[in-house]
2 protein chains.
Amino acid sequence: MYVQDNATARQLLRSFMQFDRAEWHKRSIEGCKPSEIKVLLCIKRNVAPPTQEMKVSEISRLLHVTSPMVTQLLKRLEADGLVERHSDPSDRRTVGIKLTEKGDLIATKAAEAFFASLHGLIEYLGEEQSQQLAELLISVSTYFNGKEAALQHTYWSGSEEA
Amino acid sequence: MYVQDNATARQLLRSFMQFDRAEWHKRSIEGCKPSEIKVLLCIKRNVAPPTQEMKVSEISRLLHVTSPMVTQLLKRLEADGLVERHSDPSDRRTVGIKLTEKGDLIATKAAEAFFASLHGLIEYLGEEQSQQLAELLISVSTYFNGKEAALQHTYWSGSEEA
DNA sequence: ATAATTAATTTGGTAACCTAATTATATCTA
DNA sequence: TAGATATAATTAGGTTACCAAATTAATTAT
């Protein structure tokens, strides 16, 4: 059984392993660790216009990490002067989180670096193949993580959660 | 600049993030952690016929992890009775590593689980798309990690290192 | 015979996550 | 409206998967 497919399965597995080791998001930028950069970008891309602030729970949901993890990351970012926390007067359990000027600058630089790298990739693969790749990877995520996962948005998606 | 491509770049980034979170190799099997399973499979797939043994340095090279890491993993696997170490009499600095019967059994089970999951994926995506995906991911790795990376084999590749 | 090299190991980190328990506040209910 | 319940964030402590530097032991090269 599966004799014919074995070659494809092995190729796939090998390609997954290699992609896993690929350094597309493992670099520190301006002294920020990858996980910290993700938080900065998440805030930059998802703040609501009136206050320009986000809640811990929103970041947690968008990045798919627990709120204790978000708290820890924010603690470091605050110590580095990249975000500010203000206790929300309308619900004092929550905290409004906002990028500082410095934090915004680093987020911008990080986004530029990410997109420059991606544009290089798109040039390398070609527009059409790049789009196909994105579609295929979403299908793979759907297959492995169940349908919900593929519908969830990450921090760089401009659109809102369903 | 890059205005047209921005949508593609964002889609790509989102697909990468989602794939990153996909649980295709994050499961423990039979009490073995993912990293331990990788070592077991690496040994099973790459042992040389005469002795059925491997060296730490070979595992390290094939899995792209440092030898101290391999040593640590082997220590746990040995404690669980899944591998055996024999000091090689022809070069007593090195150690021959071999799966025990129990280790071989778990490696077999792990491989079966991996491939069952992959065959499901191939069915889901279709044979042709699966192959295209594998090729695209290898291209992406080449782009991000440099040409050498794409030529290196992982533990499931039946073929030998170049 | 000594120096240099190599293989594996020990030691002591780090990054990125997690769960459980705690604290403070808000909301619901009797 | 007082007490019970729920929710947001944090603190505390643990895990996995890695790494670099130093060490030990054995081999090879001068």
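Small disclaimer: the values here were computed from a predicted structure and weren't measured. Here is the naming used below: chain letters follow the sequence lines, and residue numbers restart at 1 for every chain. Atoms considered below: every heavy atom in the structure, side chains included; atoms not considered: hydrogens, waters and symmetry mates.
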* Using Watson-Crick or G-U wobble geometry with both distances below 3.5 Å, tell me the partner of dT30(D), or none. => dA1(C)
* Asked: Whole Å only: how far is the CD1 atom of I59(A) from the C1' atom of dA9(D)?
  -> 12 Å
* To do: Would you tell me if any nitrogen or oxygen in the side chain of T94(A) comes within less than 4.0 Å of OP1 or OP2 on dA8(D)?
  => no
* Reckon T71(A) touches a base, only the sugar-phosphate, or nothing at all at heavy-atom distances under 4.0 Å? -> base
* Kindly give the heavy-atom pair with the smallest separation between S130(A) and L12(B), and that separation in Å. => O-CD2, 3.6 Å
* Options dC19(D), dA8(C), dC18(C), nucleotide nearest the side-chain atoms of V65(A) -> dC18(C)
* Asked: Is there a side-chain polar atom (N or O) of S67(B) under 4.0 Å from OP1 or OP2 of dA8(C)?
  -> no
* Asked: Think S35(A) has a side-chain N or O under 4.0 angstrom from the OP1 or OP2 of dA16(C)?
  -> yes
* Asked: Can you check the L73(A) CG to dA15(C) P distance for me, whole Å?
  -> 11 Å
* Asked: In terms of the nearest nucleotide of DNA chain C, which residue is placed more toward the 5' end: D91(B) or R92(A)?
  -> D91(B)
* Tell me: CD1 of I29(B) to C1' of dT16(D), nearest whole Å? -> 16 Å
* Compute the centroid of each ring, for F19(A) and then for F19(B), and state whether the two points are separated by less than 6.0 Å. => yes
* Under 4.0 angstrom between R85(B) side-chain N/O and dT9(C) OP1 or OP2 -> yes
* To do: For side chain to side chain contact (heavy atoms under 4.5 Å, CB included), just list the numbers for R85(B) and K75(B), CA-CA rounded to whole Å, side-chain angles, deciding distance to a tenth of an Å, and then say yes or no.
  => CA-CA 10 Å; R85(B) 293 198 253 203; K75(B) 212 154 59 172; 3.9 Å; yes
* Name the closest nucleotide to the P68(B) side chain, picking from dA9(D), dA21(D), dA20(C). => dA21(D)
* Asked: So how far is it from E101(B) CD to I106(B) CD1, rounded to the nearest 0.5 Å?
  -> 12.0 Å
* Structure fact -> All heavy atoms of R45(B) vs all of A111(B), minimum pair found to be NH2-CB, 4.2 Å
* Can you find a side chain N or O atom of K75(B) that sits less than 4.0 Å from OP1 or OP2 on dT10(C)? -> yes
* Asked: Does the side chain of K38(B) get closer than 4.0 angstrom to OP1 or OP2 of dA17(D) through an N or O atom?
  -> no
* To do: Figure out the CE/P separation between M69(B) and dC18(D), and round it to whole Å.
  => 6 Å
* **Separation of atom CD1 in I37(B) from atom C1' in dA17(D), rounded to whole Å** => 14 Å
* **Whole-Å distance separating the CD atom of Q72(B) from the P atom of dA17(D)** => 11 Å
* To do: Examine dT23(D): is either OP1 or OP2 under 4.0 Å from a nitrogen or oxygen in the side chain of R93(B)? Give yes or no.
  => no
* Between E78(A) (CD) and dT10(D) (P), how many Å, whole number? -> 9 Å
* To do: Using whole Å, report how far CG of D88(A) lies from P of dA8(D).
  => 12 Å
